[in-house]
Amino acid sequence: MRLLKLVVSAVLIAAAGFAVHRWCWLPYRCNQIEKAALRTTERTLEVGGGYTETVRARATAQRVLGCIEHVPTNVNLYMIVAANYRALGRYEDAIAMYRAALRYDRRPELYLNIGESYLAMGNANEAHRYFVATALFRIGIFKNVPEGAKQLAWDDAFQQLETPPKGGYVLP
Amino acid sequence: MAEGNRARTRFFQALMGAVLAGLAIMPQVLVPTGEDPYRFPKELWVRAEGILLAVVIILGFLWGWLDTRVFARERNVFVLVAAIVAWTGVATIFSSHPAMSVWSLFYVTSSAIIFVATVIAAFRRSLLFADIALLAAVPNAIVCILGEFRIWNPLLTEKEMLETGEWMHLFAGGFLGNPNDVAMLLAGPALASLILCAIVKRRRLWYGSLAIVMLAGLLAAQSSAAIGALVIALLVIAFRARRKAAVAMVSGIVVIVAIISVFLPAMKRKIGGAVTLLRSKQVTAYEIDDALSNRVLPFLVASRMGLDHPVFGVGPGRFGWHFYTYKLMYEERYRTLRKTATNYASWAEAHNDHMQTLATAGFPGYALYVTAIVMLARRSRRTREGDEFLQFTRQFAMPFAAMFAVITLAQFPMELAAPTMMLLHWAALCVAWSSDAAA
């Protein structure tokens, strides 16, 4: 009986150790990785294309992807990976990341970034849909969008805001 | 037999040590190298503490150091805790995104385990439970005061904040990052230290000094919700006191509130806004929103969410995801809300734990929430006169329940690790120290 209790105690302590490592320590490390990755990504986007930036973007995306598994509800992680994918010209992968993030939070920045990615791919129709959603949520945040596309999105968004569609707002 | 008793004593001492160490350290946890240096590390601490205390309690039962009769002493409370965890689990299953809600379930379960461990440990009465809880709040109170006078902040510099245009009052965020969070942390200890000062005559100077520190920290944080909640708690004490004492207390409270209103800019603004609103002939949604610190939209959204999902809510942790759809709907109905200062914001929390519970866990979840507050308040009436522990519970429980009910009308302490742990700790002491009440 005592032996059984000892075995059960050992298993419990080991399970607790695993749980603390998996659900406390790794997310803690990911919090630190997120801060470092954000700085690196900002530098990559500032400097633009180049071999060093490409390598850096690839490494940052890989590192942060590992963290998404441990902290799946952290939208910033998806955005960092997607930003690095965009720096690498992998727009479809970036859009997939942004869409994955939309399941956890519906920030206007996500819609804006998807729109910009579609625009970079040359898909103006899809880009417009996402710019309208951005304008519905937060009109003032367009930065890198061409003036014409911005105006079209605003016009459609204002139309929806003034006379909302019968079935509710159209969100992609 | 003697060895068994020694083992049991050592177990309770270890449990007490673990509970108090957790409470003492957690509000001070700060990770400067993390993207979120304040809230997320504390939430991780709660997870870790919950896991470790669960193992300690299970080992206690396994080795006979803990008796199942301990749960019989406060059966209703433990049943309520189990019901809260169970309902959170049910709401998670029926959530609009269970994979996201499961993390909220984790948080609720960890908090419940810490609460249960505190109750069990505190059955062996000791003022150390109160002392450590008060001392745990002191560093944040002091750092908040230093920040409010722009003397020091652990992470920020005034220059950086001026350059980035951040809200300067964040400098008084203590180790929690936001002065409102600090206020939510200090409210319970402020009330407790005042009551302990009155009851424990031999340590009046000690508790009096701690009360001054807590109150100063609360004023420095300038949270109207926390100050208002403390005032309500003091009025509840006055209401329950004898007439002469009640009159003196109410007069004192009125004078203090008047002084606070004159000298604290945030309170002056709030009262001024409320007076303007009451005197207005035509009131728009924008004006009401401005008077309520831009809370109208999240309040409307949370109540609508609860009505639209009355049984299970939208799921724990899912308020933020659903917010935008409702926001657009209400801004279409009340177009002046499009002018508010926080129009662009996505509210991840309703800033009202009553409504957020309703929105995320439905009416059954909110019923459990209200039951917990009522059961806590009833401790004051159930507890007979007796030693200082019984006296403390008798004087503290009802005002504390009132304070909690009020502060959660405008803030969200139950979504933040440090305020949650502090509030649950004092609630646990009310349970453990009144456990003779049934006799």
Side-chain angles (χ1 to χ4, degrees), chain A residues 2 4-6 8-39 71-77 80 102-111 133 136-141 157 160-164 168-169 171, chain B residues 29 31-64 96-97 99-104 106-107 110 317-329 331-333 335 338 342-346 348:
Chain A
R2 191 181 159 83
L4 181 65
K5 281 186 188 177
L6 280 168
V8 170
S9 302
V11 166
L12 267 173
I13 291 168
F18 171 78
V20 168
H21 179 258
R22 177 81 172 72
W23 292 312
C24 307
W25 173 251
L26 290 177
Y28 165 81
R29 284 291 300 133
C30 283
N31 188 27
Q32 295 172 308
I33 288 168
E34 183 188 341
K35 183 170 185 174
L38 199 56
R39 279 209 190 115
V71 199
T73 57
N74 186 343
V75 169
N76 285 343
L77 295 176
I80 291 170
L102 276 174
R103 287 164 53 221
Y104 295 101
D105 193 10
R106 289 196 288 194
R107 296 181 194 177
E109 291 88 342
L110 289 169
Y111 287 105
L136 280 174
F137 283 169
R138 186 172 165 183
I139 283 166
I141 69 165
Q160 284 204 49
L161 287 169
E162 287 304 308
T163 43
Y169 290 97
L171 294 172
Chain B
V29 167
V31 180
T33 52
E35 177 59 17
D36 178 356
Y38 302 110
R39 290 178 179 177
F40 190 54
K42 293 178 179 69
E43 192 183 312
L44 295 178
W45 181 282
V46 168
R47 283 186 201 174
E49 197 181 333
I51 292 167
L52 295 174
L53 285 173
V55 168
V56 166
I57 290 172
I58 295 170
L59 288 176
F61 282 121
L62 188 65
W63 290 95
S96 55
H97 190 15
M100 184 172 178
S101 293
V102 81
W103 297 100
S104 299
F106 197 159
Y107 177 74
S110 301
R318 293 291 286 165
F319 176 82
W321 191 89
H322 288 269
F323 176 79
Y324 260 114
T325 329
Y326 286 92
K327 166 182 144 75
L328 291 176
M329 182 183 88
E331 283 179 346
E332 191 267 316
R333 197 183 295 182
R335 297 219 171 163
R338 287 179 188 164
T342 51
N343 166 261
Y344 62 90
S346 172

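We name chains A, B, ... by the order of the sequence lines, and we start the count at 1 in each one. As the structure is a prediction and not an experimental result, all values here were calculated from the model.
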Quick one: closest heavy-atom pair of [X] and [Y], and the distance?
X	Y	answer
Ala19(A)	Ile51(B)	CB-CD1, 3.7 Å
Arg47(B)	Cys24(A)	CB-SG, 3.6 Å
Gln32(A)	Val31(B)	NE2-CG1, 4.1 Å

Determine whether [X] and [Y] make a side-chain contact, defined as any pair of heavy atoms from C-beta on separated by less than 4.5 Å.
X	Y	value
Thr325(B)	Arg106(A)	yes
Phe40(B)	Val71(A)	yes
Ile58(B)	Val8(A)	no

From [X] [atom1] over to [Y] [atom2], what is the distance, rounded to the nearest 0.5 angstrom?
X	Y	atom1	atom2	answer
Leu59(B)	Lys5(A)	CG	NZ	11.0 Å
Arg318(B)	Thr73(A)	CZ	OG1	10.5 Å
Asn31(A)	Leu44(B)	CG	CG	7.5 Å
Asp105(A)	Tyr324(B)	CG	OH	8.5 Å

Need one label for [X]: side chain, backbone, both or neither, based on atoms under 4.5 Å from any heavy atom in chain B.
X	value
Pro27(A)	both
Arg2(A)	both
Leu6(A)	both
Leu38(A)	side chain

Task: Phe106(B), part contacting chain A, at a heavy-atom distance under 4.5 Å - done: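 For Phe106(B), side-chain heavy atoms alone lie under 4.5 Å from chain A.
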
Task: Winner by heavy-atom pair count (cut-off under 4.5 Å) against chain B, out of Tyr28(A), Tyr104(A), Trp23(A), Trp25(A) - done: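 Ranked by heavy-atom pairs under 4.5 Å with chain B, first place is Tyr104(A).
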
Open item on the list: Can you tell me if Arg39(A) has over 12 outside heavy atoms packed within less than 6.0 Å of its CZ?
Closed with: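 For Arg39(A), atom CZ is not crowded (no more than 12 foreign heavy atoms under 6.0 Å).
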
Task: Phe18(A) atom CZ: more than 12 heavy-atom contacts under 6.0 Å - done: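 No.
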
